[in-house]
Amino acid sequence: GSIRLFSHFGAVEKDNPEWYADETDYIENAMYDEVDGYTFVPDGTGALIRFNDYSETILEYGARVYGDDNSLPKVKLSEPMSTISMPVFGYVHGENFNGCLGIVENGKEYCKINANHASTANSFFTVYPEFIYRSDYSQPTNNTGGQITLVQSESNNFDAKVIYTFLEGEDASYIGMAKKYRDYLLSNSMLNESNKEYDTIPLRVDTIGNEVTNGVMFKKRINMTTFEDYRNILNALNEKDINNVVSVFKGYTKDGLTWTSPHYDNISNSLGSLDDLESLDNVYFHTDHVFASANQNGYNQRKDLTNRINTQIISVGEGDGVKYHLSSDFTNEKMLKDTKKLNKLGINNFALDSIGNTLYSDYGDKDKQRDEVKNAYESTLSNVEGNIALYQPNDYLLKYTDRSFDYSMYNNQYMIFDDSVPFTSIVQSGNIELYSTYINFFGNVRDDLLRMVDYNVYPSFLLTNESSSLLEETALQYIYCSQFSNLEDAVYVYYDFVNKALKDVVGATIENREVLQEGVVQVTYSNGKKIIVNYQNHDVIINNEVVEKKGYKVI
């Protein structure tokens with residue numbers, strides 16, 4: 001069972017002409033275009049559903065805050081994939097006129113954000129929260145795919161609370177919503193103000209030390225980058241005046257990158273000595289204590305793993321990459337134990353994977369609701385000694401980091417969405433450094449680099465000393481291009497492109513973003529700098545200034 005809160009609060013009607021006797025009757029009575037604006041949902045980086053014409057097909061959106069709870073197997077496999085990291089929603093009735101932002105303060109772990117597009121079946125644009133007290137889930141009945149639908153026997157225990165903030169004037173936009181939510185996070189100590197100042201933007205450089213795979217009789221280790229190799233890569237970048245580098249070392253244990261989890265308490269001798277790195281000040285060591293490799297031991301499958309409500313073990317990946325979801329108690333204990341061992345080696349920077357964006361209920365040896373698991377993860381991070389970087393963190397963990405890795409610059413691009421907007425970037429920029437996914441694998445590099453400039457996102461590369469062809473028979477076979485000698489020139493060119501745009505706004509917050517014309521936006525920062533980004537395939541003239549095609553201008 002669930003409760004839909006104020007499901008038509010702020011709704012806008014768009015009439016279907018088929019409902020009227022004739023065209024004249026429709027023109028006289030329809031409300032089409034009387035209210036301009038959009039609804040906002042925090043899918044991915046952010047999405048707008050504009051109040052345009054009604055749809056002949058039913059377009060609906062509904063996704064769980066903080067992602068799907070994989071402990072509760074979906075009954076409908078066609079439900080949208082959720083990538084909501086911030087429990088907010090809103091609508092605008094006329095941009096820069098009136099609007100409203102909703103912030104889910106309590107019960108967000110059990111909340112869905114729903115939105116509807118006006119259609120032949122429903123004439124209203126709506127956006128609202130739904131609180132789930134009992135979920136239905138699929139229960140297998142045999143080994144041939146048979147299943148039945150059951151409902152949670154015990155209700156989720158929480159008190160729902162939503163804060164509605166009305167917006168007007170310049171605040172009545174998704175930008176105003178983002179700034180209001182940023183203020184909310186700061187005032188509630190959920191976001192730390194940054195005091196970092198750089199002459200150039202940071203470049204994130206990840207590497208892989210070693211990886212393992214199955215050999216004929218024993219596991220086979222593949223060395224991709226020794227500590228000395230990595231130092232040489234960083235020195236080469238420094239010689240090109242790229243000296244503000246955030247380094248992330250992956251696969252540094254004897255079990256490589258994919259087989260290591262959850263044991264990060266050793267350094268492989270095959271990589272040399274940590275002294276070969278010369279300095280550990282800006283080097284983060286990657287861990288993932290939320291999952292356990294199926295090829296690893298040292299954990300009890302009965303009591304240390306999270307089970308689904310239907311008693312199945314939660315597993316992800318395939319082949320050599322299969323991993324099991326660990327209980328929050330085991331995650332907490334193992335992360336603190338391993339990071340303390342690494343502290344003794346002089347390692348004090350940790351890139352903690354999965355914990356920032358993964359939230360399940362726990363039906364293992366000790367049942368825990370989703371909010372209890374969230375609280376356990378917060379306790380874990382608060383006790384880690386050292387600097388923490390997180391991957392796509394949910395809002396409740398933002399206070400533990402000032403660096404966010406693998407920032408997604410898109411939403412899920414469902415048919416119901418009209419625009420992708422940088423809501424989450426506006427919330428975090430200036431306080432948390434946002435780093436892109438690996439540029440190695442960008443499909444449309446120029447447009448994605450422009451989007452990084454637009455969204456204030458720093459570049460990231462995965463660079464190894466050896467060729468990625470060595471990984472073809474491992475769980476990392478998807479890495480098809482990583483060798484530094486092949487990517488070196490691209491690193492310099494792409495970094496230079498983004499750095500020249502963003503180096504003057506380091507530490508500044510985004511205060512406005514205007515669409516000047518189709519494919520041309522202007523982003524205004526708190527320090528007064530403005531960046532005009534031209535996505536078009538032709539030059540444009542803005543205020544007597546030429547902005548080159550697929551380029552930008554800082555003013």
Side-chain angles (χ1 to χ4, degrees), residues 1-7 60-85 87 104-114 128-162 290-292 299-316 323-333 354-355 357-380 394 396:
S2 64
I3 294 177
R4 297 183 174 186
L5 187 63
F6 301 148
S7 61
E60 299 175 334
Y61 173 83
R64 287 284 296 262
V65 173
Y66 307 141
D68 297 320
D69 187 343
N70 284 351
S71 290
L72 300 166
K74 287 184 176 181
V75 175
K76 297 180 181 179
L77 297 179
S78 60
E79 290 181 359
M81 179 179 68
S82 174
T83 53
I84 295 178
S85 63
V104 182
E105 188 167 68
N106 292 343
K108 50 194 175 182
E109 302 87 358
Y110 309 98
C111 182
K112 283 179 68 176
I113 303 298
N114 296 317
Y128 58 92
E130 177 181 0
F131 293 94
I132 301 169
Y133 286 88
R134 295 178 191 267
S135 291
D136 53 3
Y137 63 93
S138 61
Q139 174 69 51
T141 57
N142 54 46
N143 295 325
T144 59
Q147 61 181 31
I148 58 175
T149 299
L150 297 178
V151 179
Q152 282 179 271
S153 59
E154 295 185 13
S155 174
N156 297 319
N157 184 22
F158 65 94
D159 293 322
K161 180 180 179 181
V162 180
V290 174
F291 290 96
Y299 58 89
N300 187 305
Q301 289 204 10
R302 186 187 65 81
K303 67 177 184 178
D304 293 333
L305 300 184
T306 296
N307 291 342
R308 290 190 169 100
I309 194 171
N310 59 15
T311 71
Q312 294 176 325
I313 292 176
I314 300 177
S315 64
V316 298
K323 294 183 178 181
Y324 302 123
H325 194 290
L326 291 163
S327 71
S328 56
D329 286 341
F330 189 92
T331 291
N332 186 56
E333 179 183 349
S354 297
I355 195 169
N357 54 58
T358 305
L359 188 61
Y360 300 167
S361 303
D362 191 340
Y363 293 95
D365 191 47
K366 298 177 182 178
D367 288 357
K368 287 187 177 180
Q369 287 192 320
R370 214 178 187 206
D371 62 317
E372 294 176 292
V373 174
K374 177 182 75 70
N375 293 338
Y377 285 168
E378 287 196 62
S379 174
T380 303
N394 295 328
Y396 54 85

Enquirer: Hey, is the main chain of Ala376 close enough, under 3.5 Å, to the side chain of Thr380 for a donor-acceptor pair?
Expert: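 Between the backbone of Ala376 and the side chain of Thr380 there is a qualifying donor-acceptor contact (under 3.5 Å).
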
Enquirer: Backbone N or O of Asn70 within a donor-acceptor pair of the Arg308 side chain at under 3.5 Å?
Expert: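 Yes; judged by distance alone, with no hydrogens or angles, the pair exists.
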
Enquirer: For Ser138, is there any backbone N or O sitting under 3.5 Å from a side-chain donor or acceptor partner on Asn310?
Expert: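 Yes; at least one donor-acceptor contact below 3.5 Å.
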
Enquirer: Among Asp69, Asp367, Asn307, which residue satisfies the side chain to side chain donor-acceptor pair (under 3.5 Å) criterion with Ser361?
Expert: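 One option only clears the test, and that one is Asp69.
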
Enquirer: For the backbone of Ile84 and the side chain of Arg64, can you confirm whether one donor and one acceptor N or O come within less than 3.5 Å of each other?
Expert: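 No, Arg64 side chain to Ile84 backbone: no donor-acceptor pair under 3.5 Å.
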
Enquirer: Judged by modelled atom types alone, do Asp136 and Thr149 share a side-chain donor-acceptor pair under 3.5 Å?
Expert: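 No - no donor-acceptor pair under 3.5 Å links their side chains.
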
Enquirer: For the pair Asn375 (side chain) and Asp371 (backbone), establish whether a donor and an acceptor sit closer than 3.5 Å, ignoring hydrogens and angles.
Expert: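 Between the backbone of Asp371 and the side chain of Asn375 there is a qualifying donor-acceptor contact (under 3.5 Å).
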
Enquirer: Which heavy atom of Ile314 sits nearest to which heavy atom of Ser71, and what is that distance?
Expert: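 Minimum heavy-atom separation between Ile314 and Ser71: CD1-OG, 3.5 Å.
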
Enquirer: Give me the atom names and distance for the closest heavy-atom approach of Val151 to Arg134.
Expert: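 Residues Val151 and Arg134, closest heavy atoms: CG1-CB, 3.8 Å.
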
Enquirer: Between Tyr66 and Lys374, is there a cation-pi geometry (under 6.0 Å to ring centre, at most 45° from the normal)?
Expert: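 The answer is no, since Lys374 fails at least one limit relative to Tyr66.
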
Enquirer: Within the structure provided, determine whether Phe131 and Asn156 are in side-chain contact (heavy-atom separation under 4.5 Å).
Expert: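 The answer is no; the side chains never approach within 4.5 Å.
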
Enquirer: How far apart are the closest heavy atoms of Glu130 and Ser2, and which atoms are they?
Expert: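 Smallest interatomic distance, heavy atoms only, reads OE2-OG, 2.5 Å.
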
Enquirer: Give, for atom CZ of Arg370 and atom CG of Asp362, the distance between the pair rounded to the nearest 0.5 Å.
Expert: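 Result: 12.5 Å between the selected atoms.
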
Enquirer: May I ask you to check whether over 12 heavy atoms, not counting those of Gln369, lie within 6.0 Å of atom CD?
Expert: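 Yes - once you tally the heavy atoms of other residues, nucleotides and ligands closer than 6.0 Å, there are more than 12.
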
Enquirer: Just how far is it from atom OG of Ser315 to atom OH of Tyr324, taken to the nearest 0.5 Å?
Expert: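 The distance works out to 6.5 Å.
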
Enquirer: For residues Glu109 and Phe158, determine if any side-chain heavy atom of one lies less than 4.5 Å from a side-chain heavy atom of the other.
Expert: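 Sidechains of Phe158 and Glu109: no contact.
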
Enquirer: Examine distances only and state if a side-chain atom of Gln139 and a backbone atom of Ile148 form a donor-acceptor pair shorter than 3.5 Å.
Expert: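 Side chain of Gln139 to backbone of Ile148: no pair is present.
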
Enquirer: With the side chain counted from C-beta on, respond yes when Val373 and Leu359 share a heavy-atom pair under 4.5 Å apart, and no when they do not.
Expert: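 Sidechains of Leu359 and Val373: in contact.
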
Enquirer: Side chains of Thr306 and Leu326: closer than 4.5 Å at any heavy-atom pair?
Expert: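 Thr306 vs Leu326: side chains apart.
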
